[in-house]
Amino acid sequence: MKLASGILELIAEGLGLESGYFGGKLSENAFLSVNRYPPCPDPSLTLGLPKHCDPNLITILLQGDVCGLQVFKDGEWIGVGPVPNAFVINIGYQLQIISNNKLKGAEHRAVTNSKDARTSAAFFVSPSRDSIVEPARELIKAGNRSLYRAFEFTEFFSNYMNEKGNSEVVLEPFKLQA
Ligand SMILES: O=C(O)CCC(=O)C(=O)O
Ligand SMILES: [Fe+2]
């Protein structure tokens, strides 16, 4: 949590938001999820985890030492090789929304391989269920219109689960029309 707070503090500074912006309710909930991907005889037949963006604020991901994480960039899947003793930091939808799209979450997935089992550990930092999430006021002053309406995090999360994280649609109910 100390690492997450430090990273969020740097992100706040980078966005020009006040110190402590992401402290409190916006980062109140933390979950550790450990994923175990056994070897798969034919990796072309199944994915470890389908394409998605994380629904939370940020994710601190420890990949282990087996390849498997890929990000979708310019229409292509690109492998993110594990770096020893390093974490991958994923931007979640809540950070994308609060930053009014200045920061965007990367779509990612996990693939399997036929030789080695893989274990990854994802530390999800999330707003509390009753947190009100909306683009930071400081970012919509300078002639930039707000791209999203305010909502309770619990509303976003229920919709994300109902839509099974489908990135084509999960943001739609929260977007403001031009
Ligand atoms: O196993 C991985 O590398 C990715 C895990 C992930 O994206 C997730 O748990 O949301
Ligand atoms: Fe993820």
Side-chain angles (χ1 to χ4, degrees), residues 3-4 7-8 10-11 14-15 22 26-27 29-38 40 42-83 86-113 118-127 131 133-136 139 144 146-149 151 153-178:
L3 176 63
I7 292 167
L8 289 169
L10 290 171
I11 291 174
L15 287 170
F22 295 107
L26 286 177
S27 58
N29 284 345
F31 307 92
L32 181 67
S33 150
V34 177
N35 304 298
R36 173 83 177 164
Y37 308 100
C40 174
D42 186 350
S44 70
L45 294 179
T46 191
L47 287 169
L49 207 58
K51 173 168 112 171
H52 68 282
C53 277
D54 296 344
N56 53 318
L57 192 61
I58 56 165
T59 307
I60 301 177
L61 178 74
L62 183 64
Q63 281 216 67
D65 48 13
V66 178
C67 289
L69 177 66
Q70 297 183 331
V71 290
F72 198 57
K73 184 169 188 298
D74 302 331
E76 266 187 279
W77 284 106
I78 300 170
V80 181
V83 176
F87 295 109
V88 172
I89 310 299
N90 272 331
I91 291 170
Y93 281 124
Q94 307 317 300
L95 183 54
Q96 175 168 335
I97 291 167
I98 292 168
S99 76
N100 206 33
N101 277 4
K102 274 198 164 174
L103 299 174
K104 285 202 169 173
E107 288 181 300
H108 55 280
R109 68 180 185 180
V111 294
T112 52
N113 76 80
R118 176 171 181 264
T119 304
S120 70
F123 186 69
F124 294 102
V125 179
S126 267
S131 283
V133 178
E134 62 185 330
L139 300 179
N144 288 317
S146 179
L147 298 175
Y148 301 97
R149 66 173 172 87
F151 56 86
F153 177 62
T154 189
E155 183 191 351
F156 187 96
F157 197 74
S158 305
N159 181 60
Y160 182 92
M161 294 316 255
N162 286 344
E163 301 290 359
K164 299 186 176 61
N166 178 351
S167 35
E168 309 297 322
V169 298
V170 288
L171 284 173
E172 292 308 313
F174 306 96
K175 284 183 182 166
L176 290 173
Q177 300 309 315

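- At a threshold of 4.5 Å between non-hydrogen side-chain atoms, the residues Leu47 and Val111 count as touching.
- Side chains of Lys51 and Ser167 form a contact here, defined as non-hydrogen atoms less than 4.5 Å apart.
- Glu107 places no side-chain N or O within 3.5 Å of a backbone atom of Phe72 that could act as its donor or acceptor partner.
- Contact record, Val133 with Pro127: CG2-CG, 4.3 Å, taken as the closest heavy-atom pair.
- With Asn166 contributing its side chain and Glu168 its backbone, the two residues share a donor-acceptor pair below 3.5 Å.
- The aromatic rings of Tyr93 and Tyr160 sit perpendicular to each other, their planes meeting at more than 60°, with 30° as the lower class boundary.
- The side-chain heavy atoms of Pro135 and Ile97, taken from C-beta on, include a pair separated by under 4.5 Å.
- Leu176 contributes atom CG, which lies 8.0 Å from atom CZ of Arg149 (distance to the nearest 0.5 angstrom).
- Of the possible donor and acceptor atoms, one in the side chain of Asn100 sits under 3.5 Å from a partner among the backbone N and O of Leu147.
- Heavy atoms of other residues, nucleotides or ligands lying less than 6.0 angstrom from CG of Asp65 number 12 at most.
- Smallest separation of non-hydrogen atoms from Cys67 and Gly81: SG-CA, 4.4 Å.
- Residues Val125 and Ile7 fail the side-chain proximity criterion, which asks for heavy atoms closer than 4.5 Å.
- When every heavy atom of Ala86 is checked against every heavy atom of Leu62, the shortest pair comes out as O-CD1, 4.0 Å.
- Of the candidates Leu57, Ile11, Leu103, Leu103 is the only one forming a side-chain contact (heavy atoms from CB on, under 4.5 Å) with Ile91.
- Atom CG in Leu45 sits 6.5 Å away from atom SG in Cys40 (nearest 0.5 Å).
- Here the CD atom belonging to Gln63 is positioned 11.0 Å from the CG atom belonging to Asn35, to the nearest 0.5 angstrom.
- Ser27 places a side-chain N or O within 3.5 Å of a backbone atom of Phe22 that can act as its donor or acceptor partner.
- The two residues Pro173 and Val169 come nearest to each other via the heavy atoms CD-O, 3.6 Å.
- A distance of 9.0 Å separates CG of Leu3 from CZ of Phe123, quoted to the nearest 0.5 Å.
- A donor atom on one side chain and an acceptor atom on the other are found under 3.5 Å apart for Tyr148 and Asn101.
- With a 4.5 Å cut-off on side-chain heavy atoms, Phe174 and Asn159 count as touching.
- Checking side-chain atoms of Gln94 against main-chain N and O of Phe156 turns up no donor-acceptor pair under 3.5 Å.
- To the nearest 0.5 Å, atoms CG (Leu69) and CH2 (Trp77) are separated by 9.0 Å.
- Ring geometry for Phe157 against Phe153 counts as tilted: the plane angle lies between 30° and 60°, on a 0 to 90° scale.
- Only one option out of Ile78, Leu49, Asp54, Thr59 pairs with His108 in a side-chain contact (heavy atoms from CB on, under 4.5 Å); it is Asp54.
- Between Ile60 and Ile89 the shortest side-chain heavy-atom distance falls below 4.5 Å.
- Looking at Arg118, its side chain does come within 3.5 Å of a backbone N or O of Val66 through a donor-acceptor pair.
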